[in-house]
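We name chains A, B, ... by the order of the sequence lines, and we start the count at 1 in each one.
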Number of protein chains: 2
Amino acid sequence: MLVAEQKEGSGVRAADTVLAALEAVAWAREPIGVTQIAQAIGATKSAVFRHLQTLMERGYLTQDADSNRFRLGPKAFLIGHLAPPAWDVARILERPMRDLRDATGLATVLSTPSPRGALVVATFPGTHAIEIGVRPGSELALHASAQGKIFLAFGPPSLTDQVLAVSRQAFTDRTITNAAALREELSRVRMRGYAVAPEEALLGINALATPLRDHRDAVVGAVALVGSIQHLAPQPAPGLIDAVSRLAEEGSRLLGHGVTDRSPPGKRQNRPQDGTAS
Amino acid sequence: MLVAEQKEGSGVRAADTVLAALEAVAWAREPIGVTQIAQAIGATKSAVFRHLQTLMERGYLTQDADSNRFRLGPKAFLIGHLAPPAWDVARILERPMRDLRDATGLATVLSTPSPRGALVVATFPGTHAIEIGVRPGSELALHASAQGKIFLAFGPPSLTDQVLAVSRQAFTDRTITNAAALREELSRVRMRGYAVAPEEALLGINALATPLRDHRDAVVGAVALVGSIQHLAPQPAPGLIDAVSRLAEEGSRLLGHGVTDRSPPGKRQNRPQDGTAS
DNA sequence: GAACAACGTTCGTGTAGCGCGAACAATAAT
DNA sequence: ATTATTGTTCGCGCTACACGAACGTTGTTC
């Protein structure tokens, strides 16, 4: 074992497992049993069982009296509704996102940055016969999704370094795994102001994403269109780019971007970085 | 094995700690630091620190870039909004609860049963000069709160046994700690249909609660008025009782109570169990 | 109705991973 | 500068966790 290979090194194992179990229940749209949870998160039944007890004791889960299956409980609900309204972009953007979906027929996705990837917060599936969508809760790889590249391109450079430090998984043969190539792609994204990821996460699928900025100009999310490469070419139609950009701008405006922007320049969190010294 | 004596024995310590840390952040209405969290949940700084890393890795928390303080993250938001809409009673009852508060001037509280107590889901503080309220997230003792007694009186008998198995804490000298007296009080609650808890949790404060029932006739929550014993006597004014009862009935109706109530009697969740062999 | 399968739950064991306390670093306050 | 308080890291010892297998129960199949 030469390489440190820090995958999960800093965290607490039992704590990570309990959160994984919680998520397994959350992502399932119907009550789910111990065995399914165990194999979903790759742990043994007995371990999961004890963790589920912990979650029940604290009210995050409830166990159906006669089926012995688990569903989310009141504490989970409460925690989510105590979360800062900043994440309520989902609600704010619900209408315009649906409109964009209806106008383009493509799946519309709202993501937010998370250490493991671009967390899908809200989605509106496409309207074509072959429906393409993304499940809320999914975490899209930062290097292989349009949203992820947005976060890498406009987010803190430490995030990029983190991603470049470990080897990137190749989901398809179009996935950009080379570090230099990825850096180049990111500077291209910065120039264009939008990101695409043709067949980088899944063959036949492309995505087009633009950044959401808050009142402090920090990128806090991304809106994206996802669809077949038939409807969403590697070089998307200008109309689509405009539409997504407008949606992102509207969302940013609703987040306070551009208003009361009186923070003295240079006082932002834009630590000098390297200015893309590449 | 007569008594199970399960205080915290069955859970996983690290898992419990990480959830406690998550809650500490959630209940704080502003970003909070490691030290405060540690002493809030009674753990050492270093342990809490590692747990916070786990929570960040999974996106439940975000760390403010320059203050190093923690706030709830997107995953917490998402989990809460994936919770079954049953807990959305809070939203459904928002209007009527506010109306009741305005009509009575007393704090209106919505609670739901949880193993540790009556979990406060939503509150509207009273309107008197001396404001009395309950913080969302608080877990009121089952034996010393009006809401808790509702859950004991109308919930599964196993819950009552559980509470009676351990010694009850006396918050004031009015708190009912004696097992027989509590059983008696519960049957009184069942007869009346409402519960009060004059000065049982806090001197000078009383509460008046009625049960919320879902479509299967199970008690899934309680609405309560909380206020000074000046405004809320140990034997509350009939008008107040009526008002709370009406609110609870309206809430129950919104939860589907009374419609398609065709479940055969005796088929409910009253499994014989061992009948309290102790 | 017996045999089977699958599930939730319990139990014992070895070890690694956790909690602890103290040291270190970085900031803020005096 | 000095002090105090914070966030972060380190090393150690022991606990309390993950594992695997067994148990009890439910539901399914022929």
Peer 1: Identify the residue among B:Leu82, B:Val121, B:Ile79 that makes a side-chain contact (heavy atoms from CB on, under 4.5 Å) with A:Phe77.
Peer 2: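 Output: one option passes, namely B:Val121.
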Peer 1: Is there a side-chain contact between A:Arg13 and the phosphate of C:dA16, meaning an N or O under 4.0 Å from OP1 or OP2?
Peer 2: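 Indeed not, no polar side-chain atom of A:Arg13 lies that close.
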Peer 1: Looking at CD of B:Gln63 and CD of B:Gln53, how far apart are the two atoms once the value is rounded to the nearest 0.5 Å?
Peer 2: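 Those atoms lie 8.5 Å apart.
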Peer 1: Can a side chain N or O of A:His51 be found less than 4.0 Å away from OP1 or OP2 on D:dC17?
Peer 2: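 Indeed not, no polar side-chain atom of A:His51 lies that close.
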Peer 1: With nearest nucleotides of DNA chain C determined for B:Thr44 and A:Phe70 from heavy-atom distances, which residue corresponds to the more 5′ nucleotide?
Peer 2: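 Its nearest nucleotide being more 5', the pick is A:Phe70.
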Peer 1: Are the side chains of A:Leu22 and A:Leu72 in contact, using a 4.5 Å heavy-atom criterion?
Peer 2: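 They are in side-chain contact.
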Peer 1: For the pair made of CZ in A:Phe49 and P in C:dT9, what is the distance, rounded to whole Å?
Peer 2: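 Atom CZ in A:Phe49 sits about 4 Å away from atom P in C:dT9.
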Peer 1: State plainly whether the residues A:Arg71 and A:Glu30 are in salt-bridge range, i.e. N to O under 4.0 Å.
Peer 2: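 A salt bridge is absent here (no side-chain N lies under 4.0 Å from a carboxylate O).
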Peer 1: Measure the distance from CG on A:Asn68 to P on C:dA6 and round it to the nearest whole Å.
Peer 2: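 To the nearest whole Å, that distance equals 18 Å.
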Peer 1: Could you tell me how far apart A:Arg50 (CZ) and D:dG20 (C1') are, to the nearest whole angstrom?
Peer 2: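 Rounded to the whole Å, the gap is 13 Å.
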Peer 1: Under 3.5 Å, is there any donor-acceptor pair linking the side chain of B:Lys45 to the base of D:dG7?
Peer 2: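 Such a pair exists between side chain and base.
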Peer 1: Would you mind reading off the distance between A:Ile37 atom CD1 and C:dC7 atom P, rounded to a whole angstrom?
Peer 2: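 So the two atoms are 12 Å apart, to the nearest Å.
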Peer 1: From CG of A:Asp16 over to C1' of C:dA16, roughly how many Å is that when rounded to an integer?
Peer 2: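 Going from A:Asp16 (CG) to C:dA16 (C1'), I get 16 Å.
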Peer 1: Is there a donor and acceptor pair, one atom on the side chain of A:Ser46 and one on the base of D:dG20, closer than 3.5 Å?
Peer 2: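 Side chain to base: pair found, below 3.5 Å.
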Peer 1: Nearest-Å distance, CG (A:Asp66) to C1' (D:dT26)?
Peer 2: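 Checked: the CG to C1' distance equals 12 Å.
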Peer 1: Please pick, from D:dT9, D:dG20, C:dT9, the nucleotide with the shortest atom-to-atom distance to any side-chain atom of B:Gln53.
Peer 2: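 My answer, after comparing the listed nucleotides, is D:dT9.
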Peer 1: Look only at the side chain of A:Asp64 and the backbone of A:Asn68, and say whether a donor-acceptor pair between them is shorter than 3.5 Å.
Peer 2: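 Side chain of A:Asp64 to backbone of A:Asn68, a donor-acceptor pair under 3.5 Å: no, none is there.
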Peer 1: When you match A:Gln63 and A:Ala14 each to their closest nucleotide on DNA chain C, which lands nearer the 5' end?
Peer 2: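 Of the two residues, A:Gln63 wins.
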Peer 1: Using OP1 and OP2 only, check whether a side-chain N or O of A:Thr35 sits under 4.0 Å from C:dG8.
Peer 2: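 Looking at the OP1 and OP2 atoms of C:dG8, one of them is under 4.0 Å from a side-chain N or O of A:Thr35.
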